[in-house]
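Here is the structure we will look at.
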There are 2 protein chains.
Amino acid sequence: MAARTEIKPMTADKIAAQLTDAVHEHRLQPGAKLREDELCEIFGVSRTIVRQSLRSLEFEGLLTIEKNRGAFVSKPTLKEAHEVFQARALLEPTTARAAAERANDVDIDMLEQHIEAEHAALAQDEAGLALKLSGDFHLEIARIADQNTIEQFLRQLISRSSLVIALYWRRRNALCESNAHHALLDAFRNHNGADAEELMKGHLLDIYSQLDLREREDGTTSLRDALKL
Amino acid sequence: MAARTEIKPMTADKIAAQLTDAVHEHRLQPGAKLREDELCEIFGVSRTIVRQSLRSLEFEGLLTIEKNRGAFVSKPTLKEAHEVFQARALLEPTTARAAAERANDVDIDMLEQHIEAEHAALAQDEAGLALKLSGDFHLEIARIADQNTIEQFLRQLISRSSLVIALYWRRRNALCESNAHHALLDAFRNHNGADAEELMKGHLLDIYSQLDLREREDGTTSLRDALKL
DNA sequence: TGAGCAAGAATTGTATACGATCCAACATCA
DNA sequence: TGATGTTGGATCGTATACAATTCTTGCTCA
């Protein structure tokens, strides 16, 4: 395990990556504020670097920077939630088809390991980690398809999906996830592009249908709920 | 015409927008270097702001920042060129369908004006401006479709398309462009989503098929001239 | 009691200073 | 002559200082 206090100065990219993981694993909730000075202390760099990483995460849609107020973990609206999954529905099925047709043995091994890691995380009740790994699985497919541009877009969409899930997920069990991923893996093993495309389409619809996309009150309710008033 | 020396300090966003226009209109060629000090003088702000805008343009794929060397207008590889149009082929036809079905009279007026502006630019032999307007036409469709997320991706894809065209376009006449746009406009007038989807698909394939392999030398036009300041 | 307000603290935005790296021109030597 | 080394200027990267804004807290007054 790495030491908590790094000796080498962190780069903006590494800080952004750590913050991204924290959001993906739901250790940082939508609406959480990220103060610059606090991050400076944690990572041992100046505000220049911290601000760089915050900016880059804003571009990815993970953070929202309000002028003179600071950086907050984004809270996607209902409309944005729909848009994210509509965009994924356009990009991912075709990408999965291409990936299934291109995948070699090393690629398939890697996907297997991803699924195993997901299982392990679930077994240890680390739902956040499992969710992040599930996102990585989708990204891995774009990588296998050798579509760098789409992979980049997908990275943003999966980031936002993580926020959407944090806000609008109905139930906590992500078990269905790994089943769908298993089915996809089989299609990859058979290099069956048509199957992979259909499975991905269904998988995305499945996630989408499990979102509670009704209107709801603002975050102030969470405090009220927490106090049971 | 705006004065050369601005009184109000420019924001990073406005600087990025002006640089974006310059690239889209091919006043800045792929490979051109953007020195920070020079931009500071031109826009009358400190390097902090200039660097912010350069970062944001890097994220959009318009610029490439090489560590300790500076920011350059990106030179997409042939693979990236293909990827850009493959991604557009996934996103735009469906978006055009949705837009055609949603478009109201104001939307259609706006598209008409876009096409007229394209014609006017071509008539005055301003190919660069016409190209930029052509890109805006595609963006406008995403806006009409009320798909903010896809519009954001499309913005990046169209930016990169502009670079691809600067590097790999076979012939200079963009006349075919406005014909295709005219046909799309008709489909919008009839709220015929299926037609719009097919026309967009064909339009993108048409552009794609006109890409060529040859590389170009980078122009050495003055940065200040390219920005018309 | 509660709304409005004012002063000070906390936080972010921007400019500048300084160190690190790169690059081009010139000098040196085989 | 040509390759290589060196030096000074140009340019970029990061830290810090200061300005602008927002937030908090406590006060006043109806």
Side-chain angles (χ1 to χ4, degrees), chain A residues 5-19 23 28-75 218-220 223, chain B residues 5-19 28-75 217-218 220-224 226-227:
Chain A
T5 55
E6 287 289 337
I7 296 177
K8 294 180 191 174
M10 305 268 311
T11 70
D13 282 347
K14 285 180 184 170
I15 294 173
Q18 288 207 25
L19 291 174
V23 174
L28 277 173
Q29 293 287 322
K33 174 161 185 180
L34 283 72
R35 283 195 303 110
E36 295 177 356
D37 283 340
E38 196 172 351
L39 294 172
C40 290
E41 273 193 27
I42 292 172
F43 293 110
V45 294
S46 77
R47 282 178 58 217
T48 307
I49 306 297
V50 165
R51 284 172 66 82
Q52 267 184 37
S53 53
L54 293 180
R55 278 277 171 192
S56 73
L57 293 176
E58 184 193 27
F59 286 129
E60 285 200 357
L62 216 65
L63 302 183
T64 303
I65 296 178
E66 297 179 30
K67 187 172 170 71
N68 283 317
R69 296 207 51 242
F72 304 84
V73 178
S74 295
K75 296 171 70 171
D218 265 352
T220 51
L223 176 58
Chain B
T5 55
E6 288 289 338
I7 296 175
K8 294 179 189 173
M10 305 269 310
T11 70
D13 282 347
K14 286 180 185 169
I15 294 173
Q18 289 207 26
L19 291 173
L28 278 172
Q29 292 287 321
K33 174 163 185 179
L34 283 70
R35 282 193 305 110
E36 294 176 357
D37 284 341
E38 197 172 354
L39 293 171
C40 290
E41 272 194 29
I42 292 172
F43 293 110
V45 294
S46 76
R47 282 178 57 218
T48 306
I49 306 297
V50 165
R51 284 173 66 83
Q52 267 184 37
S53 53
L54 294 180
R55 280 275 173 192
S56 72
L57 293 176
E58 181 194 29
F59 193 84
E60 285 199 358
L62 216 65
L63 303 183
T64 302
I65 297 179
E66 297 179 30
K67 187 171 170 70
N68 282 318
R69 295 208 52 244
F72 304 83
V73 178
S74 294
K75 297 171 70 169
E217 293 303 312
D218 48 3
T220 50
T221 49
S222 147
L223 178 56
R224 193 178 285 270
L227 294 172

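Note on naming: letters A, B, ... go to the chains in the order of the sequence lines (proteins, then strands), and numbering restarts at 1 for each one.
Put simply, CG on A:Leu39 is 13 Å from C1' on C:dT12, counting in whole angstrom units. Protein atom CE of A:Met10 is 17 Å distant from nucleotide atom C1' of D:dG13, rounded to whole Å. Taking atom CG of A:Asp13 as the reference point, atom C1' of D:dT14 lies 15 Å away to the nearest angstrom. If you take CD of A:Gln52 and C1' of C:dG13, they are 15 Å apart, rounded to a whole angstrom. We find that CZ of B:Arg47 is positioned 10 Å from C1' of C:dT16, with the value rounded to whole Å. Across the protein-nucleic acid pair, B:Asp37 atom CG and D:dC12 atom C1' stand 9 Å apart, rounded to whole Å. Rounded to whole Å, atom C1' of D:dA10 lies 17 Å from atom CG of B:Leu34. Residue A:Lys33 contributes atom NZ, which lies 6 Å from atom C1' of C:dT11 at whole-angstrom precision.
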Practice task
Report the C-alpha separation of B:Glu60 and A:Phe59 in whole Å, then their side-chain angles, then the decisive distance to 0.1 Å, and conclude whether the side chain to side chain contact (heavy atoms under 4.5 Å, CB included) test is met.
Solution key: CA-CA 9 Å; B:Glu60 285 199 358; A:Phe59 286 129; over 6 Å; no

Handout entry: A:Ile49 vs A:Met10, side chain to side chain contact (heavy atoms under 4.5 Å, CB included): CA-CA, chis, key distance, verdict
Key = CA-CA 9 Å; A:Ile49 306 297; A:Met10 305 268 311; over 6 Å; no

Practice task
Output, in order, the C-alpha distance, side-chain angles, deciding distance and verdict of side chain to side chain contact (heavy atoms under 4.5 Å, CB included) for B:Leu39 and B:Leu19.
Solution key: CA-CA 10 Å; B:Leu39 293 171; B:Leu19 291 173; 4.1 Å; yes

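Taken to the nearest 0.5 Å, the CD1 atom of B:Ile15 stands 11.5 Å off from the CG atom of B:Leu34. Here CD1 of A:Ile65 is found 5.0 Å from CZ of A:Arg55. Values are rounded to the nearest 0.5 Å. Here the CG atom belonging to A:Leu63 is positioned 6.0 Å from the OG atom belonging to A:Ser74, to the nearest 0.5 angstrom. A:Thr64 OG1 to A:Leu57 CG: the interatomic distance, rounded to the nearest 0.5 Å, is 11.0 Å.
A donor-acceptor pair under 3.5 Å is formed between the side chain of B:Lys33 and the backbone N or O of B:Arg69.
In this structure A:Glu38 satisfies the salt bridge (Lys or Arg N to Asp or Glu O under 4.0 Å) test together with A:Arg35, sequence neighbours excluded.
If you check residues 53-64 of chain A against DNA chain C, you find no residue with a heavy atom closer than 4.0 Å. For DNA chain D, the residues of residues 67-74 of chain A within the heavy-atom distance limit of 4.0 Å (strictly under) are A:Asn68, A:Arg69, sorted by number.
Picking from C:dT12, C:dT16, D:dT14 the nucleotide with the shortest atom distance to the side chain of A:Ile49 gives D:dT14. Closest approach to the B:Arg51 side chain among C:dT11, D:dA15, D:dC12 is made by D:dC12 (side chain taken as heavy atoms from C-beta onward).
Applying the 4.0 Å criterion to OP1 and OP2 of D:dT14, one finds that A:Thr48 has every side-chain N and O outside that range.
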